[in-house]
Structures are given as C-alpha cells and as structure tokens.
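Take a look at the structure below.
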Amino acid sequence: MNTVFVHNLINSDKRHIEYLCKNNPNMTKLSVNINKIATIRNARGGNIPDVLKAAVDCERFGADGVTVHPRPDERHIRYQDVRDIRQVINTEFNIEGYPSESFIHLVLEVKPHQVTLVPDPKGVLTSNAGWDTVKNKSFLKEVIGEFTKAGIRTSLFIEADPEMISNAALTGTDRVELYTESYAKNYPTNREEAVRPFIVAAKAAAAAGLGLNAGHDLDMNNLKYFAQNIPGLLEVSIGHALISDALYLGLENTIQLYLRQLKV
Ligand code: PXP
C-alpha cells in the first residue's frame, strides 16, 4: 500500500473510526499483542523499545485493548512487565498463557479483564493448537473456577471444532478464542472455504452461550473478510503481523488501518 495514500486515509478516517468504536458496541474489538515489542527489547538487554510506553501508545492510538503472553522462559513479555502494564493501561488487558501454577498466581495477582488459556507445551515457538476440551475438562473447570471467583473473564483458545466448543461450555468459560491459523493459511487460495469452519464454530459458540474471540495469523489482508463473515465476533487479538506492519507504517497508522478492517 502506498504510504502517502495510507497517511491521507488515516487522517480522514481516524475520527470516524473513533466515533464508530465509541458508538457501536457491536464492532469487533482489537486487542494488540505486544509480545514482539518485548522480543526486540530483550535482544539488547536494555529498555528500547519501551514495552510500557508501547502498551500505553496502543490504547492512545485507538486499540481497544492490550494482550500479553508471558511464557515460562520469559523470552519476550516478562512477569514483571505484566504487573507494570496493568498499572498503566485503561483499556482491556488480556493475559494469555498456559495455566501453570506460576501463571495462575500471576493472573490472580494482576487481575486483568480477561485471561485466555492456551494449551502450549513447554518450548513452543508460538501457540500451535487449541485445547482438547474433552480430555482437559476437569482441569480447565477447576482453573476457570478460580479465575471466575476472582472476577476475571475467561476465554479458551480452541480449534474451530463444534465438539470442542460444546465441551468448552461445560468448563464454565465465558468465551472461546478461535485459533485462526488454518483460516489465514487457506485464505489466499480459497477464502470461502477457509472461513466456512469458523462460521460453523461461531454458531456453535452462540448456541452454547459462549462469547467469541479469535486470533493467530490474522493480518491486514485477511482480517476484514473474517470479521465480515463471523457472526458475533467480540474481539480479535493480533500481534505478529500488526507489529511487523508498524515497522513500515508506524504504530498509529497500523492500528487505525486494522480498526478499519473491523468496521464491517
Ligand atoms: N492468540 C493466541 C492464543 C496467541 O498465542 C497468539 C500469539 O501469541 C495470538 C493470538 C496472536 O497471534 P499473532 O501473533 O499471529 O497475531
């Protein structure tokens, strides 16, 4: 996309998008995953770029929330970042992660608006599967019960599979986050086919009384079509592509452009 065009577009659309977000509670919310900012910071051991400033700037530039995914080795977001970010942002804070003992303690201490549980095995590069909610039902039920008691909204990262979704409802979770890697992969060849299982999954979630989030590999090209076709999509969390686009377009422009894709 031409940068001058982007700049003009941003200026003309920015106020309109802000108006729409404030006045249209049905619009899908954009939560920006800032793990990649921490990855760059950690490469040099100092505080550049400043992860806290990035979190504040994401919301200043229009994001509806900030997501972090502390991993056991703290290779990007550190546990202390999570505590610090909670103090400085006013929009929705979403913490993702595998519910290890230390993760559960951190979430209960920080009390974010939402916790998204992922079944990451130790050492994975990025989340690469959704929960098996049949096998893990009693474990998830117990963990979700603790978070619910603490007043924290819960979400389970899950494949677009109606059986996994109906069983997710039995854990007591408030929402599910659909794992969109397969949608993103298949989008360039056949987007109708790519989105079909996710439409079925969205309907299954609604039938089970679950709220619906989505994330993984969503980007500037595939986001609009996904948001247009998925009924009741409450929130997307996007990191890798958005932060990569920001290298070329700047964080503010990029966030505004992603918000524009959600304006369906
Ligand atoms: N949702 C979950 C559960 C994730 O683990 C991640 C990656 O950390 C994302 C969403 C965002 O994925 P991406 O970085 O590809 O946008």
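By convention here, the first residue in the shown sequence is residue 1. None of these values were measured; they are calculated from a predicted model. One-based numbering, in listed order, for ligands and for the atoms of each.
- Residues Y179 and H216 bring their aromatic ring centres within 6.0 Å.
- More than 12 non-hydrogen atoms from other residues, nucleotides or ligands lie less than 6.0 angstrom from NZ of K137.
- A heavy-atom cutoff of 4.0 Å around ligand 1 is satisfied by the protein residues N33, H69, E96, V118, T126, S127, F157, E177, G215, H216, D217, S237, I238, G239, H240.
- Salt bridge annotation for D73-R75: present, with a cationic side-chain nitrogen under 4.0 angstrom from a carboxylate oxygen.
- Ring geometry for W131 versus F139: interplanar angle of 30 to 60°, hence tilted.
- Less than 6.0 angstrom separates the ring centroid of F226 from the ring centroid of Y183.
- Using a cut-off of 4.0 Å between Lys/Arg side-chain N and Asp/Glu carboxylate O, R196 and E193 are scored as salt-bridged.
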